[in-house]
Student: 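One structure follows; several queries about it will come next.
Bear in mind that the values here come from a model prediction, so they are computed numbers and not experimental data. For the single chain, residues carry numbers from 1 onward in sequence order.
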Amino acid sequence: MDSMKASIFSDKGYGQLPSLVNICIKSILMDHGRTKCALQLIPKDLYESFLVSALRHERQLCIMEIVAQWPYRVLNLRSLMPKVSDAQCRVCTWDHRSQIAFIRSLCLMIAAGFREQIRRNGKLQVLDISDLAYSNSGMGIKGVSDEEFVTHFLNMFGNRHSNTTSQQSGHNRVIYMDWVVGRKNKKLVLSFLKSGSTGMSVRCRSLSLQYISENSINQILARIDPQTVNSLNFRTRDMFHNGLKLLERLTNLSSLDLSYTFYDILNYEPSRWSNIYAELGSTFSKLPNLIHLNLEGNRLSNQLRTLLQHIQKQLSTLQVDFCQLNELDISYLANSLHAKQLQNLSIGSNNLSKDPESLFKLLTSCGETLQYCCLSATSVDKIEAVANRLAQVSHRMKQLCTLRLSGVQLSIPDQAEIVTCFGLNVPTLKFLHMPLHTIRDEDDCENAGYTIVRARKCIEVQARLPFSANFNDAGIDEFFDICVKRFRDSEPHEIERELHVLARKGPQLASPINECCFLFKF
């Protein structure tokens, strides 16, 4: 019996359940009344399986009832999501917008169940709905949580629990969620940050501040629980002296997004912010857990050392696109300790051709850990023998999943060399984006690129062509001829026939952006 129970509730997920248990749970969940009665009779070990099944089959009223009778102290919805998202989960096949709407509705039903727990004085004390995503869909919390959703969610726990009895029953109960705070809901959020306002604590994991005043920012940062916030995202250009000091309270902050926050200030109020880089560098140094940093869209010429040199931990993520980086910045980064641990590096739309040695030293240093790399619009095509040098670097990249080279005008042979070398040398590569062939029209560049997907013994190249491209174009044929020869020399299999058959079928398979697949089989 114990071995059967262990197999039923193993960590391998819901898909490992015996078919009889699966069928019984699904049958019970078909009716809300039946579910309500069953939950009072089943052992508490089955509650998780019931909730996972209800999530998979979109039984929203049943979800509310399961949460309302949840027999444990903690319910962490994020930990259940991997069990929900498998090949049999219909939600995973939906488009991004539909998935977001569904997860929002789930959260509201779960909130209703938690509210019922409070009314009944049930056992559930901690509800965690932060960072929700269906793992197979690649959907993150940025799409799930928005200002309207946060407002609706918090309103469910507003005046309904203002009386003394509700405050007593809600005492010591905690909800962890992600907040998006804007002009419409800032007052509501501030009211929930006041201790004891509803007899229940609503705490924030990920905080996004969107276009609110300096005073509101300061109030929120001063009142928020500094121990729970691990991600902070500014969508406002109202920088602040007091706010930088308040940031230092967030000792568990691991991710900070300051993209496009102080670019305009440096243009219009340079005297007021003459020490902005030193102040930011000092603030970063007092965040002991900071490992993800986004500074995109800010003017950082010759300032990267000032900002990064005193950060306590080595960065895993650094985004500095559109930052006007110069040779000194790239040289510092290449020789810094951060380069040894970078997993995500985005340095697009900076001129990197002036110091190629530092650039390739940087790519070599972080090659063993790098998973995402963006070199788009970096003028690397002006570097002599750039394809050959990138090919040499590819041997060091053991974990790279994505490489972006859009906006880089390479010759056909250089394109083929990059595609084949990365395709052969990087076993983890999933996506490579670059112009299909030399295109002068910038608008066309946005619609052009390669995608490489490696699965088992096959590399699939999805050619996304501009509207003006033709599959019979001599340049495209030249590119594929070179690729075929390179792949065939490395792996002596007949691949040319299938490749060109698919190429000729391209116009028939084309989507609105003229998309076609080419298979290099090994």
Student: For the backbone of Glu279 and the side chain of Ser282, can you confirm whether one donor and one acceptor N or O come within less than 3.5 Å of each other?
Tutor: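 A pair under 3.5 Å: no.
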Student: Can you name the nearest heavy-atom pair linking Asp225 to Thr228, along with the distance?
Tutor: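 The pair with the smallest heavy-atom distance is O-OG1, 3.2 Å.
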Student: Would you call Lys361 and Asn335 a side-chain contact if the rule is heavy atoms closer than 4.5 Å?
Tutor: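 Yes, at least one pair of side-chain atoms sits under 4.5 Å.
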Student: To the nearest 0.5 Å, tell me how far Lys286 NZ sits from Arg249 CZ.
Tutor: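 The NZ atom of Lys286 sits 14.5 Å away from the CZ atom of Arg249.
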Student: Is it the case that over 12 heavy atoms from other parts of the model lie below 6.0 angstrom from the CD atom of Gln312?
Tutor: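 Atom CD in Gln312 is packed in, count exceeds 12.
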Student: For the pair Glu417 and Arg389, find out whether any cationic side-chain nitrogen is under 4.0 Å from an anionic carboxylate oxygen.
Tutor: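 Salt bridge flag = no for Arg389 with Glu417.
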Student: With distance as the sole test, does Asp321 use its side chain to make a donor-acceptor pair with the main-chain N or O of Gly348 at under 3.5 Å?
Tutor: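 At least one qualifying donor-acceptor pair exists.
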Student: If you compare all heavy atoms of Leu390 against all heavy atoms of Leu405, which two are closest, and at what distance to 0.1 Å?
Tutor: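 Heavy atoms only, the tightest pair is CD1-CD1, 4.4 Å.
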Student: Could you grab the distance from atom CG of Asn326 to atom OG of Ser331, nearest 0.5 Å is fine?
Tutor: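 Result: 10.0 Å between the selected atoms.
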Student: Where is the tightest heavy-atom contact between Pro356 and Ser353, given as atom of each residue plus distance?
Tutor: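 Closest heavy-atom pair between Pro356 and Ser353: CD-O, 3.5 Å.
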Student: For the CG atom of Asn289 and the CG atom of Asn230, what is their distance to the nearest 0.5 Å?
Tutor: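 It comes to 9.5 Å.
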Student: Do any N or O atoms from the side chain of Asp257 and from the backbone of Phe234 form a donor-acceptor pair under 3.5 angstrom?
Tutor: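 Looks like no, no N/O pair under 3.5 Å.
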Student: Of all heavy-atom pairs between Val386 and Asp381, which one has the smallest distance, and what is that distance?
Tutor: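 In this case the closest contact between Val386 and Asp381 is CG1-CA, 4.3 Å.
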Student: Taking atom types as modelled, is there a side-chain donor on Thr317 or His292 under 3.5 Å from an acceptor on the other?
Tutor: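 Thr317 vs His292: donor-acceptor pair found between side chains.
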Student: Measuring from atom CD of Gln399 to atom CD of Glu368, what distance do you get when rounded to the nearest 0.5 angstrom?
Tutor: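 So the CD of Gln399 and the CD of Glu368 are separated by 8.5 Å.
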Student: Are there over 12 heavy-atom neighbours, none belonging to Glu148, within less than 6.0 Å of that residue's CD?
Tutor: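 Result for CD/Glu148: open.
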Student: Nearest 0.5 Å please: distance from the NE2 atom of His338 over to the CG atom of Leu345.
Tutor: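 Output value for this atom pair is 12.5 Å.
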Student: Under 4.5 Å between any side-chain heavy atoms of Val229 and Asn252, yes or no?
Tutor: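 They are not in contact (no side-chain heavy atoms under 4.5 Å apart), so the answer is no.
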Student: Output yes when a side-chain donor or acceptor of Asn298 lies under 3.5 Å from a complementary backbone atom of Leu258, and no otherwise.
Tutor: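 Yes, because the side chain of Asn298 sits within donor-acceptor range (under 3.5 Å) of the backbone of Leu258.
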Student: Distance from Leu337 atom CG to Ser365 atom OG, nearest 0.5 Å?
Tutor: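 Spacing of CG (Leu337) from OG (Ser365) equals 10.5 Å.
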Student: Which atoms form the tightest heavy-atom contact between Met177 and Phe153, and what is the distance?
Tutor: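 Taking Met177 first and Phe153 second, the nearest heavy atoms are SD-CD2, 3.5 Å.
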Student: Hey, does Thr283 have a side-chain heavy atom less than 4.5 Å from the side chain of Glu248?
Tutor: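 A side-chain contact exists here, since the closest heavy-atom pair is under 4.5 Å.
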Student: Ignoring hydrogens and angles, tell me if any N or O in the side chain of Asn294 forms a donor-acceptor pair with the backbone of Ser259 under 3.5 Å.
Tutor: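 Such a contact is absent between Asn294 side chain and Ser259 backbone.
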Student: Below 4.5 Å, heavy atoms only, C-beta onward: do Leu246 and Ile217 meet side chain to side chain?
Tutor: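 No - every pair of side-chain heavy atoms lies 4.5 Å or more apart.
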Student: What heavy-atom pair brings Leu352 and Ile383 nearest, and what distance separates the two atoms?
Tutor: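 Reported closest heavy-atom pair: O-CD1, 4.1 Å.
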Student: I'd like to know if the side chain of Thr369 reaches the main chain of Leu342, judged simply by a donor and an acceptor atom lying under 3.5 Å from each other, with no hydrogens or angles considered.
Tutor: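 Confirmed, Thr369 side chain pairs with Leu342 backbone.
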